[in-house]
Enquirer: 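Please see the structure below; I have some questions.
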Amino acid sequence: MNNKLNANETIVWLNYLFVDNRHILKLLDCYGDISQVFIASKNELMELNILKEEKIDHIIANRDYDKIKRIYTEYERFDSRIITILDDDYPTRLHTIDNKPAVIYVKGDILPCDELSFSIVGSRKLTEYGRSACEYLSSELAKLGITIISGMASGADSVAHNSAINAGGRTIAVLGSGLNIIYPKKNEKLYYKIAQNGAVISEFPANTKGVSYNFPRRNRIISGMGLGVLVIEAMEKSGSLITASYAAEQGRDVFAVPGNINSLYSRGTNKLIQDGAKLVMMPEDILNEIREFIPLIKDEEENINLDLTDDEFKIYDIISQAESSLDEILIKTDLDIKTAQTIVTKLELMDIIRSSASGKYIINVKGR
């Protein structure tokens, strides 16, 4: 019986032993056939000056051929597969990023059409305004055949994935845990919906828990897979800003939705815009900036003319600055309650504003 691993199996084995991606790639460069690592002596591995002695001892102590073969069987039972950096179907764009993942575990399918993709991230605690913007932009891009990439976290990530699916599009989630660990647990249904309408992927071996330090690491894959990154609401210190930083380092375009200057959840996005991120109010703001998306732009752009009276615009302006109740509108204007109610109703019928979950009025991003 031949108990030697092939190159792909060796890469997966090293990944399961938590050998750093950069070290795996260096071993690939040193060996014409990386499977030699499985049979190399300690002295041979030490002479390469790539791995620390403790890691080499760990590798040698875990040369279990049958256990490594079982890894593949377990993923097959989970209706998933393993792609390494040596495979032809490894995502093309990931080849260009720093610290590229040597292995990705996939539930669902990564298709050639997913090369036309865009990453959307944001706050885990979206405001009504942020949710509306995320739904609108995610669904409109997905309708055009753009795959939406995100991280399956609560808030913006979940809204982006769901909006893409509801629009009949494709979406890919990048996990900060092993492929068999659904985090957050409440997103279990979403997890399987994404796998059926795209893919759920992870660079972490099965059973890896979603610990805090894994999420900033996975963000480089979220940004790396897309042609650009959009941030929808973020506080000043936010994981979404880490994704934006990775995107900039990777040469990707960074976009942000502007927000209320008084909102904690807009400080990060407004700062991004201040630092050079492209401001987004409609899908065309993204489509016009990315060369691969330009052919998707409709020949005739729809320009919405609000055509409001002075009083109507006054109320529109108040609501555009912050979600407002009728009482708050009355305080900020000299209008009587009947006139204000009539105007609010008209703006709702024109699809310019809508009621939020709190019962206040917010700008309807779709109607702008």
Side-chain angles (χ1 to χ4, degrees), residues 116-123 126-150 156-157 159-171 226-234 240 244 247 252-261 263 265-266 268-308 312-313 316-317 319-323 347-354 356 361-368:
L116 197 68
S117 58
F118 188 73
S119 306
I120 297 180
V121 295
S123 174
L126 283 179
T127 65
E128 285 292 328
Y129 165 75
R131 178 175 294 276
S132 179
C134 191
E135 288 174 350
Y136 170 53
L137 294 166
S138 301
S139 61
E140 291 301 308
L141 294 175
K143 287 176 186 176
L144 294 173
I146 297 170
T147 299
I148 302 300
I149 313 290
S150 198
D157 291 15
V159 172
H161 290 306
N162 272 314
S163 299
I165 293 168
N166 293 339
R170 288 179 57 78
T171 186
L227 286 160
V229 171
L230 172 66
V231 182
I232 299 178
E233 291 193 326
S240 299
R252 310 295 194 255
D253 288 311
V254 179
F255 301 83
V257 173
N260 186 334
I261 62 172
S263 171
Y265 298 104
S266 293
T269 46
N270 290 346
K271 184 67 165 56
L272 281 176
I273 294 169
Q274 192 176 52
D275 291 342
K278 298 173 177 68
L279 184 150
V280 173
M281 294 188 294
M282 58 186 66
E284 287 74 15
D285 295 328
I286 297 167
L287 300 174
N288 282 312
E289 293 291 336
I290 296 178
R291 176 173 50 83
E292 291 85 348
F293 292 167
I294 291 176
L296 304 175
I297 300 174
K298 295 180 181 178
D299 292 333
E300 295 183 6
E301 296 183 359
E302 295 180 5
N303 293 315
I304 299 173
N305 182 7
L306 294 179
D307 194 23
L308 302 177
E312 289 166 353
F313 185 80
Y316 168 82
D317 187 50
I319 297 172
S320 69
Q321 294 179 45
E323 59 178 288
L347 293 177
E348 283 188 291
L349 291 173
M350 292 173 69
D351 210 21
I352 293 172
I353 67 171
R354 66 179 177 86
S356 69
Y361 297 101
I362 62 171
I363 295 298
N364 184 10
V365 177
K366 296 179 183 179
R368 294 185 65 175

Enquirer: Check for a donor-acceptor pair, side chain of Ser139 on one end and backbone N or O of Ser163 on the other, with a separation under 3.5 Å.
Expert: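 Here the side-chain-to-backbone pair does not exist.
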Enquirer: Considering all heavy atoms of both residues, which atom of Ile294 and which atom of Asn288 are nearest to each other, and what is their separation?
Expert: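 In terms of heavy atoms, the two residues are closest at CD1-O, 4.1 Å.
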Enquirer: Spell out, as yes or no, whether a donor-acceptor pair under 3.5 Å connects the side chain of Ser240 to the backbone of Val121.
Expert: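 Flag not set: sc Ser240 to bb Val121 has no pair under 3.5 Å.
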Enquirer: Applying salt bridge (Lys or Arg N to Asp or Glu O under 4.0 Å), can you list everything that pairs with Asp275, at least two apart in sequence or on another chain?
Expert: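 If we apply the salt bridge (Lys or Arg N to Asp or Glu O under 4.0 Å) test to Asp275, skipping adjacent residues, the hits are Lys271.
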Enquirer: Could you tell me which non-hydrogen atom of Lys278 sits nearest to which non-hydrogen atom of Asp253, and how far apart they are?
Expert: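 That would be NZ-OD1, 3.3 Å.
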Enquirer: How long is the span from the CG atom in Leu144 to the CZ atom in Phe293, to the nearest 0.5 Å?
Expert: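 Atom-to-atom, Leu144:CG and Phe293:CZ are 9.0 Å apart.
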Enquirer: If you round to the nearest 0.5 Å, how far is CD1 of Ile353 from CD1 of Ile319?
Expert: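 If I round to the nearest 0.5 Å, the distance is 4.0 Å.
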Enquirer: side-chain contact (heavy atoms from CB on, under 4.5 Å) between Ile146 and Ile286: does it pass, once the steps are laid out?
Expert: CA-CA 12 Å; Ile146 297 170; Ile286 297 167; over 6 Å; no
Enquirer: For the pair Lys143 and Glu140, find out whether any cationic side-chain nitrogen is under 4.0 Å from an anionic carboxylate oxygen.
Expert: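 Yes, this pair counts.
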Enquirer: Donor-acceptor pair, distance only, cut-off 3.5 Å: does the side chain of Arg252 make one with the backbone of Gly226?
Expert: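 Checked: pair present.
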Enquirer: Looking at Cys134 and Ile232, what are the two nearest heavy atoms and their distance?
Expert: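 In this case the closest contact between Cys134 and Ile232 is CA-CD1, 3.4 Å.
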Enquirer: Search all heavy atoms of Ala133 against all heavy atoms of Val257 and return the closest pair with its distance.
Expert: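 For Ala133 and Val257, the tightest heavy-atom pair comes out as CB-CG1, 4.3 Å.
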Enquirer: Would you give the length of the straight line joining atom CG of Leu230 to atom OG of Ser138, rounded to the nearest 0.5 angstrom?
Expert: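 Result: 7.5 Å between the selected atoms.
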Enquirer: What do you reckon, is CG of Leu349 surrounded by more than 12 foreign heavy atoms closer than 6.0 Å?
Expert: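 Counting neighbours around CG of Leu349, more than 12 heavy atoms of other residues, nucleotides or ligands fall under 6.0 Å, so yes.
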Enquirer: For Ser266, is there any backbone N or O sitting under 3.5 Å from a side-chain donor or acceptor partner on Asn260?
Expert: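 Side chain of Asn260 to backbone of Ser266: no pair is present.
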Enquirer: Go through the steps for Tyr361 and Leu347 under the test side-chain contact (heavy atoms from CB on, under 4.5 Å), then give the verdict.
Expert: CA-CA 10 Å; Tyr361 297 101; Leu347 293 177; over 6 Å; no
Enquirer: Under the criterion side-chain contact (heavy atoms from CB on, under 4.5 Å), I'd like the reasoning laid out for Ile362 against Thr127: C-alpha separation, chi angles, the key distance, then a yes or no.
Expert: CA-CA 10 Å; Ile362 62 171; Thr127 65; over 6 Å; no
Enquirer: Let's go through Ile352 and Glu312 carefully: what are the C-alpha distance in whole Å and the side-chain angles of both, what is the deciding distance for side-chain contact (heavy atoms from CB on, under 4.5 Å) to 0.1 Å, and is it a yes or a no?
Expert: CA-CA 11 Å; Ile352 293 172; Glu312 289 166 353; over 6 Å; no
Enquirer: State the CD-CG distance between Glu135 and Leu126, to the nearest 0.5 angstrom.
Expert: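 Output value for this atom pair is 9.0 Å.
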